[in-house]
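Structure, as structure tokens:
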There are 2 protein chains.
Amino acid sequence: MKLSNTSEYAIRILSFMARNPERKYAAKYLIEQLKISDKYLRRILTTLSKEGIITSSQGREGGYTFQKKIQDIFLSDIIDATEGMEKYLGCVLGFKECSDENPCAFHRQWVTTRAKIVHDFQETSLTDLNLNANIKF
Amino acid sequence: MKLSNTSEYAIRILSFMARNPERKYAAKYLIEQLKISDKYLRRILTTLSKEGIITSSQGREGGYTFQKKIQDIFLSDIIDATEGMEKYLGCVLGFKECSDENPCAFHRQWVTTRAKIVHDFQETSLTDLNLNANIKF
DNA sequence: GCAAAATACTATATCTAAGTAGCATTTAAA
DNA sequence: TTTAAATGCTACTTAGATATAGTATTTTGC
Ligand code: SF4
Ligand code: SF4
């Protein structure tokens, strides 16, 4: 019922970068602005880079830029890249998956709720978050 | 997005007990039936007892019985007793809570989704789960 | 009263996510 | 070509949830 810290950080970092999507961001600058531990932030950005969301350039004048348009980067992409979505499959109550023919009363409700959760994350892009000038980083 | 193991165990144990709600269950029996570690199960049941969901009786012939009618024990009660619900408040994306006047696009969607999540857990009782004879413990 | 059978408590061990440290590698300006 | 400034990799540490072990306490039948 809660995203991992790593996912939350990834979303915060990318949202911050989305304010100026064309620019190249150095880790050092992001660390200053977002107050995230040096190596932890770098690890997250390396992951996002390998997952195809951003591009990293090494060496002097290196940094991170978006690999895709920010309107095409959805929250579900970011969550997938950091913590994965597998654990949200199966029965949320922890039972061995029951037969679909005779589900409990909760099952019927939860099917639509889970669909709504997934839908929300799949439909919201970095552009949607960025519309709000009030976000506190 | 996932319940804690402890919550899942609590739900499994109570659902099992709900099959015969009047009977007194000894920990030893539940351990055999549900294949949960001795001390871990006992700890969970002690917690549920202190939280007013079940009653424990010590000593020889002791065990655990329901303190309330099973149709009045909702999933939200069990989750509250074991892991609490606090972590699900605040911004699910990990931002400092923004002003409600100018929320991001995700906020509007998530308000209704979260309400549906909470509603599902608050409306489903042990009786509802127990209606399904197919549940695998 | 005593022993058996049950729960309660406290301390310890294990596992995984979170966070930190140090060194290696890459790149381009000088 | 050297060197500064950036990212990448591997190992270690920390914290919290999960799980186990051992002992204490309670209750009842005898
Ligand atoms: S029927 Fe109920 S217990 Fe079974 S998998 Fe669905 S939600 Fe879980
Ligand atoms: S407006 Fe968006 S970022 Fe701010 S609290 Fe709501 S969901 Fe989170």
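If you're wondering where the values come from, they're calculated on a predicted model, not measured in any experiment.
How far OG of A/S49 is from CD1 of A/I53: 10.0 Å, rounded to the nearest 0.5 Å. In this structure, A/Q122 CD and A/M85 CE are separated by 6.5 Å, a value rounded to the nearest 0.5 Å. Between B/C104 atom SG and B/Q109 atom CD the span is 9.0 Å, to the nearest 0.5 Å. Rounding to the nearest 0.5 angstrom, the gap separating the CG atom in B/L129 from the OG atom in B/S15 is 4.5 Å. Distance check: B/L126 CG to B/L14 CG gives 5.5 Å after rounding to the nearest 0.5 Å.
Judged by distance alone, with hydrogens and angles left aside, the side-chain atoms of B/T124 form a donor-acceptor pair with the main-chain N or O of B/D120 at under 3.5 Å. Judged purely by atom type and a 3.5 angstrom limit, B/Y9 has no side-chain atom pairing as donor or acceptor with the backbone of B/I44.
Counting to the nearest Å, the P atom of C/dT7 and the CG atom of B/L45 are 8 Å from each other. Atom NZ in A/K87 sits about 13 Å away from atom C1' in D/dA17, given to the nearest Å. Whole-Å rounding puts the B/K28 NZ to C/dA5 C1' distance at 9 Å. Here C/dG19 presents its P atom at 10 Å from CD of A/E8, a figure rounded to the nearest Å. Taking atom CD1 on B/I44 and atom P on C/dA8, their separation rounds to 13 Å, with Å as the unit. Distance A/L30 CG to D/dT7 C1': 13 Å, rounded to the nearest Å. Counting to the nearest Å, the P atom of C/dA28 and the NZ atom of A/K24 are 8 Å from each other. The separation between A/Y9 atom OH and C/dA17 atom P is 16 Å, rounded to whole Å.
Remark: A/S37, A/K39, A/Y40, A/R43 in residues 31-43 of chain A come within less than 4.0 Å of DNA chain C through at least one heavy atom. Within residues 46-64 of chain A, the residues having any heavy atom under 4.0 Å from DNA chain C are, by residue number, A/Q58, A/G59, A/R60.
When the side-chain nitrogen and oxygen atoms of A/N5 are compared with OP1 and OP2 of C/dG19, one or more of them lie within a distance under 4.0 Å.
Between B/E8 and B/K2 a salt bridge is recorded (basic side-chain N to carboxylate O distance below 4.0 Å).
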Quiz: residues 63-72 of chain A side-chain donor-acceptor pairs under 3.5 angstrom, not counting sequence neighbours:
none

